[in-house]
Structures are given as C-alpha cells and as structure tokens.
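One structure is given below, encoded as structure tokens.
Note that the structure is predicted; figures quoted are calculated from it, not measured.
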There are 2 protein chains.
Amino acid sequence: MNRPEHSATFDSEATGGRWAVSVGGGMSVCPGRLGRYRVKTPEVYTDEQLRVVAHLYYREQLDQRRLGGLLNLSQAKVSRMLTIARQRGIVRFFVAECEPRDRDLERRIERKFDLESVAVVRTPDGMTPENKRQYVAYFSASFITSLISPQTKVVVAGGRSIGALIPRLPEDRHRGVTVLPALGVVDSVVAQVDAPELGRVLARRWGGRFMALDTPAIAPDRQTRDSVLRHSKARLVWRRLGQADAAIVAVGTPTNSVFANRYVVSDADHETLVGCGAIGEMCGRFFDRRGCECDSPWREQVISVELEHLKAFPQVIALVVGGDRSAALTAAIRGGLLKSLAIDVEGARALLEYEPVKKPRTVGRK
Amino acid sequence: MNRPEHSATFDSEATGGRWAVSVGGGMSVCPGRLGRYRVKTPEVYTDEQLRVVAHLYYREQLDQRRLGGLLNLSQAKVSRMLTIARQRGIVRFFVAECEPRDRDLERRIERKFDLESVAVVRTPDGMTPENKRQYVAYFSASFITSLISPQTKVVVAGGRSIGALIPRLPEDRHRGVTVLPALGVVDSVVAQVDAPELGRVLARRWGGRFMALDTPAIAPDRQTRDSVLRHSKARLVWRRLGQADAAIVAVGTPTNSVFANRYVVSDADHETLVGCGAIGEMCGRFFDRRGCECDSPWREQVISVELEHLKAFPQVIALVVGGDRSAALTAAIRGGLLKSLAIDVEGARALLEYEPVKKPRTVGRK
DNA sequence: GTGATGCGTGAATAATGATGCACCGAAAGT
DNA sequence: ACTTTCGGTGCATCATTATTCACGCATCAC
C-alpha cells in the first residue's frame with residue numbers, strides 16, 4: 001500500500017550526523033561518516049518529497065503522526081525522512097553565534113606568559129562554583145583533548161575541576177593512551193575525584209590502559225615514603241610518572257589544595273608551608289613564587305609526580321576555575337611548570353591583572 | 001493505534017508559536033502572540049543565556065537533561081528556554097522552499113474562467129485518493145479561510161473533500177460566523193461528512209453559531225417537501241440559506257455525488273437525470289452544462305440551498321479533488337455558480353484541457 | 001499586616017520522536 | 001532456480017521533549 005517512490009535525481013550532499021547545523025553566516029553541516037551513507041542510503045526519497053515533509057513538520061508544525069496520516073506514511077518513516085532532510089540540508093538550523101571562548105584573553109595570556117596554548121572559557125553570570133567547573137570543563141574538553149597525542153603516556157591529577165573534566169573529554173577509542181595518576185590514594189575513603197579514579201575513567205574513555213599507583217599520596221614520614229617506593233611494585237609506576245608525555249593538572253593554593261580540602265594541612269602545616277614560601281600547589285607538591293618546590297617536610301612525604309619532571313614534559317595542561325589562583329598560577333607558569341592552560345574568564349582576568357608582590361624574577365622559560 | 005484511516009481527530013490546538021521558522025532568504029519568527037509574551041515574559045533570560053543553551057542543544061547536541069545538569073537547570077526550564085530562544089530568533093530553522101501551490105496554473109484558470117481566486121495544490125505523486133483529499137484540503141485551508149469574512153453567514157456542503165477540509169481550517173475564534181448546512185440529513189445514519197455535521201464542527205472551530213436544518217435532504221415527493229418547509233421551523237433556516245454570504249461546496253457528477261455515493265440514485269434516476277442534461281451536482285442539486293438546475297423530479301424533492309441563490313452569493317468556493325470533474329466544474333463555473341476554486345494539479349490540468357462538447361456524451365460513464 | 005495576584009519553578013506526567021527488531025521483496029550470487 | 005544479502009518498512013518500544021500542576025515567593029491593594 002505504498003508510494004511508487006522513484007525518481008532518482010540530484011546531488012544529495014549526504015552527511016552523517018544527525019542535525020544539519022548552521023551558525024552565523026557560514027554553515028557547517030555536521031560531520032560524520034559521509035562516504036558510507038552516500039552509498040548506503042541512496043536516493044530513496046526525492047528532494048521534493050523531503051521538502052514537503054520538512055515543510056509540513058517545521059513550518060506547519062504538524063507532528064510526525066499527523067503528518068504521516070496526511071501523507072500516508074508511518075511515523076517512523078516521517079522521522080527518518082526528516083533525518084535525511086536535515087542531512088541533505090533541506091532543513092538547516094541557524095544558531096546565533098555563541099563563542100564560548102574569549103579569543104582575545106587567550107591571545108593576551110599566551111603572549112604575556114609565553115604559553116603554548118590557552119583556552120579562556122566564557123562563563124555565564126551567576127553560576128555556582130560547581131556549575132562553573134562543569135561549564136569550563138565542558139568547553140575546554142576538546143581543547144585539552146587536542147593537546148594530547150594518541151599513544152602517549154598521560155599523567156592525570158585529581159580534584160573537582162579535573163573530575164568535572166574527565167567525563168566531558170570526547171570519547172576516543174583510538175587515542176589509546178597510557179594513563180597514570182599524578183599521585184596515589186589520598187584517603188582510604190576513595191573520592192570520585194581522586195587521581196587514581198579519574199585516571200581509570202580516562203583510560204576507559206580513551207580506550208587506553210591505566211597504571212595504578214597503589215601507594216598513599218602522603219607517607220607519614222620520609223622513611224616510610226622511601227621504603228614504600230623502594231619495595232613496592234608501585235616503584236615502577238612511580239618512575240614512569242617521570243617519563244610521561246603529558247599531564248593534566250589543577251593548580252591549588254596553600255589554603256585550597258587537595259590536601260587542604262580533604263586533609264591534614266593543619267594550621268601549623270600551613271604556616272610551615274607559607275614559611276617556606278609556598279604559594280601554590282600542583283599534584284600534591286607545594287611551590288614558591290618561582291615555581292620551585294618548597295623545601296618543607298611535605299616534600300619528603302609526598303608520593304607523586306615531581307615538579308621537575310613536570311617541567312620536562314612536552315605538555316602540561318592546567319585546568320583552573322576561579323580567580324583566586326592567580327598567584328599560584330603565575331608562579332607555576334613562571335617556573336615553567338605549565339605549557340598550556342584552560343581557565344575561565346574571571347580567572348583569566350585575575351591572572352592578567354595579577355602583579356607578583358616582588359619583582360617578577362622571570363625565571364627563564366622552559 | 002494505527003492508521004486512523006482519516007482522522008476523526010480533532011484539531012491540534014495550535015499552541016501559539018512553537019518553532020521559529022525561517023524560509024528561503026527571509027525569516028519569519030513564528031507568529032503566535034509574541035507581543036503578549038514579550039510583555040508577560042520579559043527579560044527573564046538574557047540573550048546570552050539563551051545563546052548558550054541553544055548552542056549546547058543544537059550545536060553540541062546535548063539533550064535537555066544533560067544540558068540542564070551542566071548549567072544547573074531543570075530539564076523543563078531548558079525546554080522553556082529553548083522555546084524562548086526560538087521565539088527570539090536566536091535559533092532559526094531554514095526549510096528549503098516548498099511551494100505547495102502552482103501559481104501558474106492558478107493564473108491560467110483564473111484568467112480562462114474569470115474566477116475570483118483559485119488555489120491549485122501540488123500533490124505528490126502516488127497518493128491514494130483519500131490522501132489526496134487530505135492533502136489538498138490541508139493546503140487549501142488557509143486559502144479558503146482567507147476568502148471568508150468574519151461575522152458572515154456561511155453555507156457548508158458535505159462530502160469527503162469538505163469533510164477533510166473542515167478540520168484543517170485554521171481555528172479562529174474571532175471569525176464568529178453563522179454556519180448553515182447546505183442541506184439536511186441525508187440518512188438516519190449520520191455520516192461524519194454530512195453537511196450538518198461539518199457545519200457544526202466548523203461553527204465550533206470558528207467560534208460561530210450553527211443553525212441546524214432539521215429536514216431530510218430529500219423528501220419522497222414534492223408535497224412532502226413543501227409541507228416540511230411550510231410547517232417546520234426549519235423553514236426559517238432554509239430561507240436564511242438563500243441569504244448567506246458565502247458557501248463552501250464540492251462539485252459532484254451524476255455518477256459521483258453525495259447521493260450517488262450514499263444513496264438512492266438508482267440507474268433509473270441516473271438515466272432520468274442524464275436525460276435532463278445533468279452534467280454536475282452541487283449541494284444535492286443537479287445542473288446541466290450551462291450550470292442551470294435540471295428540471296427533474298429531484299429538483300422538487302431536494303431540500304437544500306438553491307443554485308440560483310448560490311449564484312447570488314458574494315462568495316462561493318468549490319473544493320475539488322481529482323481530474324474527473326472537469327465537465328461539471330466547467331458547467332458550474334460557466335453558470336456562475338462558483339466564484340473561487342481550490343483544486344489539485346491533476347484536476348486543474350484536466351479543467352484547462354477540457355473542451356465542452358455539444359453532445360452530453362461528455363460525462364464519462366463508468 | 002493580610003490577603004490577593006501573578007510569575008516562575010521543578011516534579012510528575014503526557015506527548016512526541018527515535019530506534020531495535022523482525023520481516024519482506026528485489027537484486028546479486030551460487 | 002534457490003539462496004543470500006541488503007535496503008527499506010512498520011510495529012512496538014524506548015528515549016526525549018513539552019506541558020500540567022501545585023507550590024513558593026514576590027508585589028500590590030486594602
């Protein structure tokens with residue numbers, strides 16, 4: 001009981017994807033597996049037929065069921081025809097330009113700090129910090145992904161920002177990286193945002209393998225740490241940490257770090273650290289305003305990737321949300337700890353405006 | 001729930017504007033009561049917010065739930081924001097132009113027959129007759145509506161075509177017409193497409209009132225008819241029929257009319273009618289090729305609007321689907337029975353090509 | 001203050017759209 | 001000729017989106 005639908009003609013610029021989207025003046029049909037479909041889904045429907053269906057659906061606003069009734073098509077068929085109509089560009093969506101990144105700030109930061117690449121994400125006003133993290137994570141995900149080569153070793157730190165980031169990273173089964181956590185388990189109570197957890201997820205996501213670092217992030221004292229590293233099989237992993245190709249890290253402050261938040265950084269500890277000149281933290285290690293690790297007892301207890309190693313990585317990307325990290329960030333950058341940065345507008349502005357208390361003793365670039 | 005054959009469904013409550021649609025080069029934000037909303041729903045959201053949501057939804061293809069999670073909005077809110085984004089034109093749909101009407105044929109018919117206005121609807125190939133009716137009805141609905149002034153008296157005939165039309169007529173609570181059926185009940189078994197039924201529906205649809213004609217469409221004989229009209233209170237209604245401002249009618253043939261289809265038009269009757277020169281039918285009345293009512297017994301028994309009255313109406317719109325009505329149509333037009341016409345391409349072509357023949361042999365018999 | 005009134009909201013729910021699946025017929029392969 | 005393959009289809013079902021509903025919070029009139 002059907003349409004003698006036949007009258008093959010025209011050029012169907014078949015496209016994969018689902019929605020033909022156009023933005024601003026130009027128009028970009030969504031990508032996808034073109035050639036395949038071109039062959040697999042030939043001219044089953046006339047452009048004219050699709051136009052009619054599209055017209056009735058989008059302009060006349062008939063729902064698919066009614067529309068099908070009118071043209072004697074099943075609802076499923078209408079749905080499929082609409083998909084094809086979008087693919088062929090018979091229907092296009094124009095979305096007002098919304099540039100989620102501030103290119104200008106990016107340039108300025110890149111120039112000022114001589115960073116490899118910077119993403120500054122515009123966050124809508126009135127977001128809660130958590131929203132902001134999610135938002136920035138979302139919009140910097142592809143940026144960050146693009147900075148990491150397939151088949152490499154990637155170190156992943158923990159924290160809420162990175163915790164927000166990982167699930168947004170585009171799945172990519174062919175990236176096949178080796179993921180290592182920047183540090184071990186911080187607490188017996190495993191948090192979702194601990195580096196090992198995140199690493200595991202990332203490895204799964206990118207179809208890579210994960211190497212666990214089954215050590216505590218912090219040992220009670222130096223001896224313990226050394227023996228852990230000497231005897232444990234984790235030693236291997238730990239050493240590989242130093243030879244990774246890239247790292248995705250967050251930047252903390254003495255008052256706001258993984259440890260400060262979840263741990264024992266007593267007021268006393270805090271004072272000690274500040275006394276040592278600590279101004280920021282990365283991967284569990286505190287550094288001064290030159291970006292050099294502080295020579296505090298912490299240093300002897302932490303089991304994580306070393307700052308000196310980070311410096312040597314071809315790529316180290318920091319994900320920072322918020323405007324209270326300028327000092328730490330500046331220090332880390334000046335110290336050559338970072339190569340790239342993803343940050344929100346607020347943070348970017350603060351960073352640009354931040355003036356180190358003392359003369360910025362620009363430690364040479366990496 | 002499958003194939004509702006043809007919808008006995010109601011009207012889809014056109015809920016104001018749902019989609020901002022743009023076509024071709026121009027762009028029209030969906031109508032609806034913008035002004036109203038503009039006032040009722042002032043700048044609750046900034047354009048920027050809407051852009052972000054629209055971007056994430058249309059370009060990044062997040063579903064509303066995920067998107068809401070990202071921005072900390074309920075799914076419902078996202079849905080509403082998208083609606084507003086469409087209304088404000090932040091999102092626009094471009095649909096390839098699809099001209100459902102054939103302007104050229106319309107011109108030619110208007111010119112050739114000196115009709116007031118003509119709509120020729122392009123029907124896709126391979127439709128069943130029922131589909132075609134639905135389709136033509138759909139696309140001629142606004143055309144027909146535009147020809148009928150508010151606050152006037154409208155006569156409505158029956159039949160499948162008009163039955164398909166009525167539910168497609170745009171709702172318009174301010175039209176406030178008075179609807180009268182072209183004729184009474186044809187049978188004790190009321191069909192959905194009988195004039196009284198259709199009239200009722202139309203009146204509801206246009207927020208007007210309906211005047212019932214509680215008489216049979218056909219009386220057994222002249223006496224009965226006269227007495228029905230004399231005594232019945234329907235007389236009033238019947239007389240008003242003659243004073244209406246507009247009519248929406250179909251055109252039948254002696255072999256294919258309301259009566260032929262549903263009733264007693266025996267072969268004998270048929271012969272009688274043809275003998276009288278009947279070539280077409282409208283509102284239960286048969287006419288010859290000059291458009292004059294045939295002087296057959298039928299004429300004395302029918303209780304319906306008179307052709308002479310139709311002639312006097314400022315507006316009479318015929319809705320015709322199919323190419324087998326050319327003779328009847330030509331006669332009706334030549335006789336001045338019609339002012340406007342809505343027809344499909346096939347019918348239009350047939351009409352233009354049709355050449356009246358002297359011999360009443362023209363009526364193709366089946 | 002004390003209701004009214006209106007607007008915006010999320011949760012629940014209804015409506016609508018997309019898709020997995022089995023089936024069918026045509027064309028290709030054996 | 002028979003079998004296989006493959007695109008295309010409708011149905012049933014699942015997923016997503018729109019809307020209904022009751023509520024909370026503000027403003028406004030009394």
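- C/dG10 atom P lies 14 Å from atom CG of B/L67, rounded to whole Å.
- B/R175 is linked by a side chain to side chain donor-acceptor pair (under 3.5 Å) to B/D172, counting only residues two or more places apart in sequence or in another chain.
- B/R65 meets the side chain to side chain donor-acceptor pair (under 3.5 Å) test with no other residue; sequence neighbours excluded.
- Rounded to 10 degrees, the angle between the two end axes of the helix from C/dG1-D/dC30 to C/dT30-D/dA1 is 10°, with five pairs used at each end.
- A/L73 places its CG atom 12 Å from the C1' atom of D/dG10, with the value rounded to the nearest Å.
- Between B/Y45 and C/dC7 there is no side-chain N or O to OP1 or OP2 distance below 4.0 Å.
- For the side-chain contact (heavy atoms from CB on, under 4.5 Å) test, residues two or more places apart in sequence or in another chain that qualify with B/L198 are B/V156, B/I162, B/I166.
- As rounded to whole Å, 18 Å separates atom C1' of D/dA12 from atom NZ of A/K77.
- Applying the ring pair (Phe, Tyr, Trp, His ring centres under 6.0 Å) test to A/Y135 and every residue at least two apart in sequence or in another chain returns A/F139.
- B/A350 pairs by the side-chain contact (heavy atoms from CB on, under 4.5 Å) definition with B/S326, not counting sequence neighbours.
- For the residue pair B/R80 and B/Y45, no side-chain donor N or O sits within less than 3.5 Å of a side-chain acceptor on the partner.
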Taking N or O atoms only and anything under 3.5 Å, show me the protein contacts with nucleotides 13-17 of chain D, one pair per line.
residue	atom	partner	partner atom	Å
D/dT17	OP1	B/Y57	OH	2.8
D/dT17	OP2	B/Q64	N	3.0

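- In this view, A/R101 and A/E106 satisfy the salt bridge (charged side-chain N to carboxylate O under 4.0 Å, His left out) rule, not counting sequence neighbours.
- For the salt bridge (Lys or Arg N to Asp or Glu O under 4.0 Å) condition, the pairs that include at least one residue of residues 133-146 of chain B, sequence neighbours left out, are B/E130-B/R133.
- Listed by chain and residue number, nothing satisfies the side chain to side chain donor-acceptor pair (under 3.5 Å) test with A/R205 (two or more places apart in sequence, or in another chain).
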Dump every N/O contact between nucleotides 20-25 of chain C and the protein below 3.5 Å, one line per pair.
residue	atom	partner	partner atom	Å
C/dG20	O6	A/R80	NH2	3.0

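- Legend: residues meeting side chain to side chain donor-acceptor pair (under 3.5 Å) with A/E60, ordered by chain and number and at least two apart, are A/H55, B/Y138.
- Salt bridge annotation for B/R349-B/E346: absent, with no cationic side-chain nitrogen under 4.0 angstrom from a carboxylate oxygen.
- Atom-to-atom, CD of B/Q61 to P of C/dG17 comes out at 18 Å; the value is rounded to the nearest Å.
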